[in-house]
*Asks:* 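This is the structure I want to talk about, given as structure tokens.
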Amino acid sequence: MPDIKITPLGAGQDVGRSCILLTMGGKNIMLDCGMHMGYNDERRFPDFSYIVPEGPITSQIDCVIISHFHLDHCGALPYMSEMIGYTGPIYMTHPTKAIAPILLEDMRKVAVERKGESNFFTSQMIKDCMKKVTAVTLHQSVMVDNELEIKAYYAGHVLGAAMFWIRVGSQSVVYTGDYNMTPDRHLGAAWIDKCRPDLLITESTYATTIRDSKRCRERDFLKKVHECVEKGGKVLIPVFALGRAQELCILLETYWDRMNLKYPVYFALGLTEKANNYYKMFITWTNQKIRKTFVQRNMFDFKHIKPFDKTYIDNPGAMVVFATPGMLHAGLSLNIFKKWAPYEQNMVIMPGFCVQGTVGHKILNGAKKVEFENRQVVEVKMAVEYMSFSAHADAKGIMQLIQYCEPKNVLLVHGEAQKMEFLKDKIEKEFKISCFMPANGETCVINTPTTIPIDVSLRLLKAEAVRYNAQPPDPKRRRVVNGILCVKDNRLSLLDIDEMCDEIGINRHIIRFTSTVRFEDPGPAIKTAEKLQNLLTEKLEGWTITISEGNISVESVLIKVEGEDDSTKNIYVSWTNQDEDLGSYILGLLQSMVQYSPMKE
Amino acid sequence: MKLYCLSNDAAKPCFVLSFKELLIMLDCGLSSHSVLNFLPLPPVPSTRLASLPNYTPPHHNDPLLEGELKECCGRVFVDSMPEFCPPLDKVVDFSQLDVILISNYTCMLALPFITEDTGFKGQVYATEPTLQIGRFYLEELSEWVCSSGSGSGSAKRWKEAVHVLPAPLADVVRPRAWRRLLAPHHVARALARVRVVGYDEKVDLYGALDATAVSSGFCLGSANWVLRSAHEKVAYVSGSSTLTTHPRPINQAALRGADLLVLAALTQTPAHNPDHMLGDLCVHATVTLRAGGSVLCPVYPSGVLYDLLECLSAHLDTAGLAHVPLYVVSPAAEASLAYSNILAEWVSAGKQARVYLPEEPFPHAALVRAGRLRHARDLHDDSFSADFRQPCVVFCGHPSLRFGAAVHLVELWACNPLHAIIFTEPDFPYTEALAPFQPLSMKAFHCPIDTSLNYSQANKLVRELRPRELALPEQYAAPGPAAAAARPHIAADVPTVVVRRGTARRVGGRRTLARGTLSGSLAARLAPRDLRAGLRAAPLRAALSLRDSRLHVHSPPPGAGGAGGAEAGGRVECGAPDVEALVRELRRAGAEEARVERGADGCIVHLPRHDTLVHVDAHATHVFCEAGADLRLALRQALALTVPTI
Ligand SMILES: [Zn+2]
């Protein structure tokens, strides 16, 4: 089975609801199991009926791998495990396992309690689902079964985000999830070794963007916030509780400290402390600097940032509020937005990507009025700013990752079709490798060359090395062995003939030919032998000719000289059946020597 | 494969394994028994220790020895910077080492001696907790020994005179090989070489081997190492525990079926059950505190300390002693306590579950927040001495009582029978540790807690793991018949190799195969035939190439030179010819005079007109042919038709 098949159920030429089916070596692997934040209907979850229209799904999927805790990557997991009935293995990193249930519960509350949706998973289902998860550590080689191996690499992006390398037999795939190739204030950059996968499945959110330096964006952000609060405006920063929020908090905290500012800064109540605790406990997943200094000062203990209370919404005067969720699609951030949007001294800063269908997406596209389900219409007079702080790799970063791991093929997901086209072109031109970008539900088949593991006899290799080294050095000379290929229990080995015979318990039968050449050459036999050796050395260039106790040998050909000092010599030439060509050549050589020998009297 | 043993302390192992042309060092433990021969280095000047009388051996006249030896409590001590016993450096050239694999932080303290100023060019691998906590141990040692010892000299004349000194100095082995600790910058450089690995992470060693650290259950980040080539597996089991404490449990499955199992660092106190000892400690501490005395536990800055803090604080709570403060005094105390709470991925499932809440895996942080537990760099920390209250429990080093804060506290409390000192670390005999502090009025208890495998656990483990061969340091092997007394040892029903310090032993079987890859295109051209059920074979002529030290087998270039072999004719003869058929074939080819003469173990086919004989026996057919090439080729053809082949 040298093919690798990929079918995106989500994230195919699309951002949101990552869910990709991978088939290789007879194994089916689900990469991420996300939900779409822009929908409230069944389009929210991946179409699992694609995998099996009916009946149990577990037998069709060998494992599910979750790259990180963002809901567009794990939001459908409880639905799949508790409502569709998947009972197989699920893998994610420790921080993801710790944080994902909190975000899932948060989302569930918004969906069920605020929007009154039914047929949604319950709190208990989230708990039951997480019990089925196997947590993995970075670089740990995990054998899902005897043939399927997975390994996590650091992806940056958010706490605990990982890329996964997946191998079955000699085929391998790397799935990046979301990643970030530049370190930020709290996380390091993604890293992978030269693992040369057959296929790299990479996100391409910022496929066409080469983002300006981080420092510039940070300065810009701080300037905008500062200007707004100076004029008495309120700044709303919709964030997800974990991720960019911590980075921006660290940024504001240090700025407020340095500038000695007194404007209140709030963080949505509840998750703050808990979220920061996760960062404290999984500090090994943050960046070098934070790890080095955490004993003296924990970066996640904030001095200026206080918990937010709902009653503060109507407080007069300037303030900065971090509120969840990040795309203004529900919850507190949306409530605050509704109140503050009609006033032009206020400002909303969207620090990340917003999927289609969300309020965030609408206002970023210039909407001046937003209509809600209950016909409520909100005028947007506040300033709307977009600052790309979401930690995705940009085009440069994606190219860099390709360079790091040297894949044989690339497949783009988690991006917009148009931008993907551009990047696909660039990758194919620059790396001379194939690049694919299937749409949702479309299957992509990738051929991979097969290599088969084989055990080679050391005896065979050593004999070859002896022959090779005996010849004059020639870098162009190929190294060649002759042996017997054995296939046993599906395992291949290349053996020496005698080893092979031992292996199967048979005695080799040797066929040998011997002929005699008479040679008038007075003198001791050893002298004659030396003459022959010289002749052979001259005629058989590149062969190893040895002489011991008067016997000359070339491969299996033996040449022996007998006879009294003063009489005719008998030259016996003997060779095995396998060396007929060489043996008969040498015999012919000696026969003609005898005929034309100047020594002949 | 060859295995060298460089350490004489089985609990602080150091082996070197030569495996697939690599020299791999397994652990680099630092034996510190030697420090017991030295006078304590008090962190605060001690008049008692400063005014000890000189010792001069009777009938020995060496003026240079003057002042090197002191008499204290009826024993002779060396008055000098304490010295340690690193692994032997004469057996293996450290500059030739390719890799050092470290199993846990108690087995790595000699690292600077191996890697610094020795020409070492290899790589060092350890888990993240091993590196971090190993750093605490080394920095603590370095700070205590180097800072307080800077005043004392470096005595060495006494090493030439051990034969005239009283015991135990008279019995020390090879004191000339003892070394002072290396300077802090050497330590820092050695630690900077360590590459961090996770459990179950396959580390590629120069393309020749994979090395994997697997959990050993002994302490945070402790690992056993599994080395694998395509055909061999070596398991290095060092400092393992099958008990349930705070670290991740031992991963036994990964160690199964090894060709060679090297066993090291078993418990040093096989007669003491660690659980009972922990219970005893709590009782002794409670009794002492109730009576108004304080408790001193000489400990290392990590490891069992975490369990002690957790158990003792809980025990004191139930005993109504919740107000008693706990102090940890060490240059590494703060960092060690902080680190213990961020190593979520390295702790037991129970502790891990707390992290998901999220709460700290250990109760230390909560104890610190509640003011029960305090830590200080040293005893004179202002903040520490300001609110030092007694009775209390103080955890501080060094367990040898030769340097560190513990020296000062023993000096201070020795004469008060209300106080108690409780020894938990197993590295030093406690009576030896206390020797320079006699007479002692404070109570001394010995509750060694060593969670490493004891002998019966180790025997059971070896039985379960079923290695093909077992290698042991001599301390763990059955004592010879000449031995005075029986002692616990490893008795496994497995071929066992015993290695003595300074020697090497050949271990493991001989390799016969190398792993490579076969190109798909070549494989597709092969048509193996059935030789017998389950075995197929085909002659193969192939080109070899070596890339990144990986062997690749692919299609040979057309007409490439090379010797004969199976491919000539593509067959292997595997039995004697059917002589009757041979004669028939020869007749058909025109040699009609063939005559068969049968003998005892074969027969001879005569072709008198052609001056040719064919000797046939079970193993060989020999053709003596004095006729021309035509006849020989006819014979060859006839044989090809009548000899069975594969
Ligand atoms: Zn994400």
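By convention in this document, chain letters (A, B, ...) are assigned in the order of the sequence lines, proteins followed by strands, and residues within each chain are numbered from 1. The basis for the numbers below is simple: all heavy atoms, side chains too, and nothing from hydrogens, waters or symmetry mates.
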*Asks:* If you tally heavy-atom pairs under 4.5 Å against chain B, which of A:Ser574, A:Cys486, A:Gly588 wins?
*Replies:* A:Cys486
*Asks:* Between the side chains of A:Asn570 and A:Arg518, does any donor sit under 3.5 Å from an acceptor?
*Replies:* yes
*Asks:* Please flag which part of B:Leu544 lies under 4.5 Å from any non-hydrogen atom of chain A: side chain, backbone, both or neither.
*Replies:* both
*Asks:* Are any side-chain N or O atoms of B:Tyr339 and backbone N or O atoms of B:Gln132, one a donor and one an acceptor, separated by less than 3.5 Å?
*Replies:* no
*Asks:* Going by distance alone, is a donor N or O of one side chain under 3.5 Å from an acceptor N or O of the other, for A:Gln171 and A:Thr448?
*Replies:* yes
*Asks:* Please classify the contact of A:Phe282 with chain B as side chain, backbone, both or neither, using a heavy-atom distance under 4.5 Å.
*Replies:* side chain
*Asks:* Checking heavy atoms, do the side chain of A:Pro449, its backbone, both or neither come under 4.5 Å from chain B?
*Replies:* neither
*Asks:* For the candidates A:Arg291, A:Met143, A:Glu580, A:Arg459, which exhibits the highest count of non-hydrogen atom pairs separated by less than 4.5 Å from chain B?
*Replies:* A:Glu580
*Asks:* Look at the side chain of A:Tyr153 and the backbone N and O of A:Asp193, then say whether any donor-acceptor pair between them is shorter than 3.5 Å.
*Replies:* no
*Asks:* Does this structure show an ion pair linking A:Lys280 with B:Glu360, if we count only N-O contacts that are shorter than 4.0 Å?
*Replies:* no
*Asks:* How close do A:Ser584 and B:Arg632 get, counting heavy atoms only, and between which atoms?
*Replies:* CB-NH2, 3.0 Å
*Asks:* For the interface with chain A, which of B:Ala629, B:Ala620, B:Ala618, B:Pro577 has the highest count of heavy-atom pairs at distances below 4.5 Å?
*Replies:* B:Ala620
*Asks:* Identify each donor-acceptor pair in which a side-chain atom of residues 92-100 of chain A lies under 3.5 Å from a protein atom, sequence neighbours left out, and give them as a table.
*Replies:*
unit_1: A:Thr93; atom_1: OG1; unit_2: A:Thr96; atom_2: N; d: 3.4
unit_1: A:Thr93; atom_1: OG1; unit_2: A:Thr96; atom_2: OG1; d: 2.8
unit_1: A:Thr93; atom_1: OG1; unit_2: A:Gly160; atom_2: O; d: 2.8
unit_1: A:His94; atom_1: ND1; unit_2: B:Tyr356; atom_2: OH; d: 3.1
unit_1: A:Thr96; atom_1: OG1; unit_2: A:Gly160; atom_2: O; d: 3.2
unit_1: A:Lys97; atom_1: NZ; unit_2: A:Val133; atom_2: O; d: 3.4

*Asks:* Tell me, side chain or backbone of A:Tyr572 under 4.5 Å from chain B's heavy atoms, or both, or neither?
*Replies:* neither
*Asks:* Against chain A, label B:Ala524 side chain, backbone, both or neither, depending on which of its atoms sit under 4.5 Å from a heavy atom there.
*Replies:* neither
*Asks:* Taking every heavy-atom pair that is under 4.5 Å apart, which of A:Arg508, A:Met281, A:Glu499, A:Arg479 has the most such pairs with chain B?
*Replies:* A:Met281
*Asks:* Tell me, for A:Leu582 versus chain B, whether the close heavy atoms (under 4.5 Å) come from the side chain, the backbone, both or neither.
*Replies:* neither
*Asks:* So which of B:Gly534, B:Ala538, B:Gly198, B:Pro361 has the biggest tally of heavy-atom pairs under 4.5 Å with chain A?
*Replies:* B:Ala538
*Asks:* Counting heavy-atom pairs closer than 4.5 Å to chain B, which one of A:Asn490, A:Leu495, A:Val487, A:Ile283 comes out on top?
*Replies:* A:Val487
*Asks:* Could you tell me which portion of A:Asp489 (side chain, backbone, both or neither) has an atom closer than 4.5 angstrom to a non-hydrogen atom of chain B?
*Replies:* backbone
*Asks:* What residue, out of A:Thr284, A:Asp455, A:Thr137, has the most heavy-atom pairs lying under 4.5 Å from chain B?
*Replies:* A:Asp455
*Asks:* Would you say CZ of B:Arg228 has more than 12 non-hydrogen atoms from neighbouring residues, nucleotides or ligands within 6.0 angstrom?
*Replies:* no
*Asks:* For B:Val355, which atoms come within 4.5 Å of any heavy atom of chain A: side chain, backbone, both, or neither?
*Replies:* both
*Asks:* Check each atom of B:Leu522 against the heavy atoms of chain A and say whether the ones under 4.5 Å are side chain, backbone, both or neither.
*Replies:* neither
*Asks:* Counting only heavy atoms closer than 4.5 Å, note whether B:Leu337 contacts chain A via side chain, backbone, both or neither.
*Replies:* neither
*Asks:* Which word best sums up how the rings of B:Phe624 and B:His615 line up, parallel for under 30°, tilted for 30 to 60°, or perpendicular for over 60°?
*Replies:* perpendicular
*Asks:* For A:Lys194, look at atom NZ and say whether over 12 heavy atoms of other residues, nucleotides or ligands are found less than 6.0 Å away.
*Replies:* yes
*Asks:* What is the minimum heavy-atom distance between B:Val616 and B:Val579, and which atoms define it?
*Replies:* CG1-CG2, 4.4 Å
*Asks:* Under a 3.5 Å distance rule, please check whether B:Asp200 uses its side chain to pair with a backbone N or O of A:Val142 as donor and acceptor.
*Replies:* no
*Asks:* Out of A:Leu587, A:Asp496, A:Leu492, A:Leu458, return the one with the most heavy atom pairs under 4.5 angstrom to chain B.
*Replies:* A:Leu458
*Asks:* Which region of A:Glu464, side chain (C-beta onward) or backbone (N, CA, C, O), has a non-hydrogen atom less than 4.5 Å from a non-hydrogen atom of chain B, or is it both or neither?
*Replies:* side chain
*Asks:* Does any heavy atom of chain B fall under 4.5 Å from the side chain of A:Ala463, the backbone, both, or neither of them?
*Replies:* neither
